[in-house]
Number of protein chains: 2
Amino acid sequence: MARTTGSDGEKTEAAIREAALDLIARLGFEAMAMRQLAGKVGVQPAALYRYFPTKEELLYALMREHMENLIISWREARPAEGSVEEKPAGRLAAFVENHIRFHLARRNSTHVSNLELRSLSEERLKRILDLRSQYEGELRGILTDGLRDGVFRIDDVSLTAMAIIQMITGVIVWFRPELRLSEDEVAANYHTMTMRLVGAVM
Amino acid sequence: MARTTGSDGEKTEAAIREAALDLIARLGFEAMAMRQLAGKVGVQPAALYRYFPTKEELLYALMREHMENLIISWREARPAEGSVEEKPAGRLAAFVENHIRFHLARRNSTHVSNLELRSLSEERLKRILDLRSQYEGELRGILTDGLRDGVFRIDDVSLTAMAIIQMITGVIVWFRPELRLSEDEVAANYHTMTMRLVGAVM
DNA sequence: AAATTAATAAAACGAACGTTCAATTAATTC
DNA sequence: GAATTAATTGAACGTTCGTTTTATTAATTT
C-alpha cells in the first residue's frame, strides 16, 4: 500500500502535533518513540518524516507554537490604551487571568514547553528562551510601571516577575478539572495572591 | 582484570549517586545512558548493577534521599516549641528560608526530583508523592494556624500552600550564583514576598 | 486521459539501549 | 596462609531506537 484514500497533509500534520503533545506530556520527550507516535496517529513511522525532518524539530515546532500562541493571547487580552484597566493594577489582573486560563486550556502543551527544554539543541533552545523572555518582559513592564506610580511595593522587579510566573504557571501541576475549585475560582484566587504579593491595595 | 586496588563499595555507590544526579539534571533521566554514567564514575557498566538493580531503582533512590533530607532539614530548622519564633509568622519565615537554602544547595537533586517523576513506576511514584505531601502538610499547618490566629489573610489554604511551594522552589530555575544577588538577599526577598502573599504585616 | 505531484507503506540500516553472566582479582576472615 | 567474601571486568544478549530508501497509490493538474 501507499497513499491512502482521503489522506490529507494538513490533517495528518495536525494529528501528529496533537498526538505528540499528549505522548510527550505523559511519557516525556526522550521516552516517546517515533513508532509509538506513528501508531497513535494511525500511520507508518516513515510518514512522520514528511512533516518533521527529525524528532527534535518536532519538539521545537511544538514549543514554538506554544510560546507564539501565548504571546498572541496576551496581546489580544491586554487592556486597550487609555482605558481604566490600562493602569498597572488592571494590566496585572489581566495578565494573571490570561496566563491562568491559557495554561489550564493547554495542559499538554504547557508540560512539554516547561519540562523538555533540555532536549533542544543550543540554537533552538535560545530561540525558545528568547520568546519566553519577551513574554516575561511584559510582566516586568507592568511591575515597573506600578512601582513608578507608587501603587506596588516591590523590592526587586526581575525577581518578583520570576516568582509570579513560577507561581501562576504552577497551577497546572496540581489543578484537576474534577476538583472542588472551578477555573473561575482558581483564577480569582491567583489574582488576589498576586496583588497581595506586589503590595497592591485591592 | 576484576576487583581493582583500593576499591570500596561505599565510595563507589556515593560516586554513582553524585554522577547520576549531575547527568540526569543535565540530560534528563531517559537521555542518560547507563554506559555514560559508568564512564563518568570510572567503572564498567556492569558494576553499577551491584548497587542499583535497575535504572529506575537508581532514580527512585535519588529521589527518596532528596525528599527525606528535605523533611529532616525542616525538622531541624523548625523553631522550638514555646519560642517566640514558634508563632505562625516565625514558622513561615523559617520554612521559606530553609526551603530556599536547601534547594539552592542541591540544584541537581532538586531538578531530578521535580522533573523526572514521570519515569517512576506507579508504586514508587506514590511513595515519593507521599513524602512530598508530608512536607507540604507542614506548610499547610503553618497557614492554618496563622489563619486561626488572625495574622494571615488567606482565601484557600491548600491553594495558597501550592502557590507558595511553586514560587519558592522556582528559585532554582533562574538563580545563578554568579549573578548580582547573593543567597541571603534572595532568601530575604522570597521571605518578604511570601509574607505579603499571605497578608501578614511585617 | 495522460502527466505530475502529494501522501503514504514496507522494509531495512546501523547504532545504541538496559541488562546479564561468567571469570577474575583484592580484601577480609578464620 | 587458606578460605571466603567483596568488587569489578569483559563480553555478550536480545531489543529498540531514529532515520532512510524505494516503491506504490491517491489526488490534482494539464
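Proteins get letters first, then strands, A, B, ... in listed order; numbering begins at 1 in each.
Under a 4.0 Å N-O distance rule, the pair R140(A)/D145(A) does not qualify as a salt bridge.
When the nucleotides dT19(C), dT9(D), dT19(D) are ranked by their closest atom to the side chain of T54(B), dT19(C) comes out on top. Side chain of Y51(B), nearest nucleotide from dT8(C), dG18(C), dA7(D): dA7(D). Comparing atom distances between the A46(A) side chain and each of dG18(C), dT8(C), dA11(C) picks out dA11(C) as nearest. The listed nucleotides are dG18(C), dA7(C), dA7(D); the one nearest the side chain of M34(B) is dG18(C). The side chain of A47(B) lies closest to dT8(D) when the candidates are dT19(C), dT8(D), dT8(C).
The distance between atom CG of L27(B) and atom C1' of dC17(C), rounded to the nearest whole Å, is 15 Å. E10(B) places its CD atom 20 Å from the P atom of dT5(D), with the value rounded to the nearest Å. Spacing between atom CG of L37(A) and atom P of dT16(D) amounts to 18 Å, rounded to whole angstrom units. The separation between R50(B) atom CZ and dT5(D) atom P is 13 Å, rounded to whole Å. Across the protein-nucleic acid pair, L48(B) atom CG and dT20(C) atom C1' stand 13 Å apart, rounded to whole Å. Straight-line distance from the CD atom of E30(B) to the P atom of dA16(C): 18 Å, rounded to whole Å. Regarding Q44(A), its CD atom lies at a distance of 9 Å from the C1' atom of dT8(C), rounded to whole Å. Atom-to-atom, CD of Q36(A) to P of dC17(D) comes out at 8 Å; the value is rounded to the nearest Å.
F52(B) comes within contact range of no nucleotide atom at all, as no heavy-atom separation falls under 4.0 Å. Across all strands, A33(A) comes closer than 4.0 Å only to sugar-phosphate atoms, never to a base (heavy-atom distances).
Side-chain contact, S182(B) with E185(B): a donor N or O sits under 3.5 Å from an acceptor N or O.
Nearest-nucleotide mapping onto DNA chain C: of R35(A) and Y49(B), the residue sitting toward the 5' end is R35(A).
You'll find the side chain of D184(A) reaches within 4.5 Å of the side chain of R101(A), heavy atoms only.
Between H103(B) and H66(B), the two ring planes are perpendicular [angle over 60°; tilted spans 30° to 60°].
When each of K40(B), R107(B), R106(B) is tested with D22(B) by the rule salt bridge (charged side-chain N to carboxylate O under 4.0 Å, His left out), just one qualifies, namely K40(B).
Look at T12(A) and you'll find a side-chain N or O under 4.0 angstrom from OP1 or OP2 of dT8(C).
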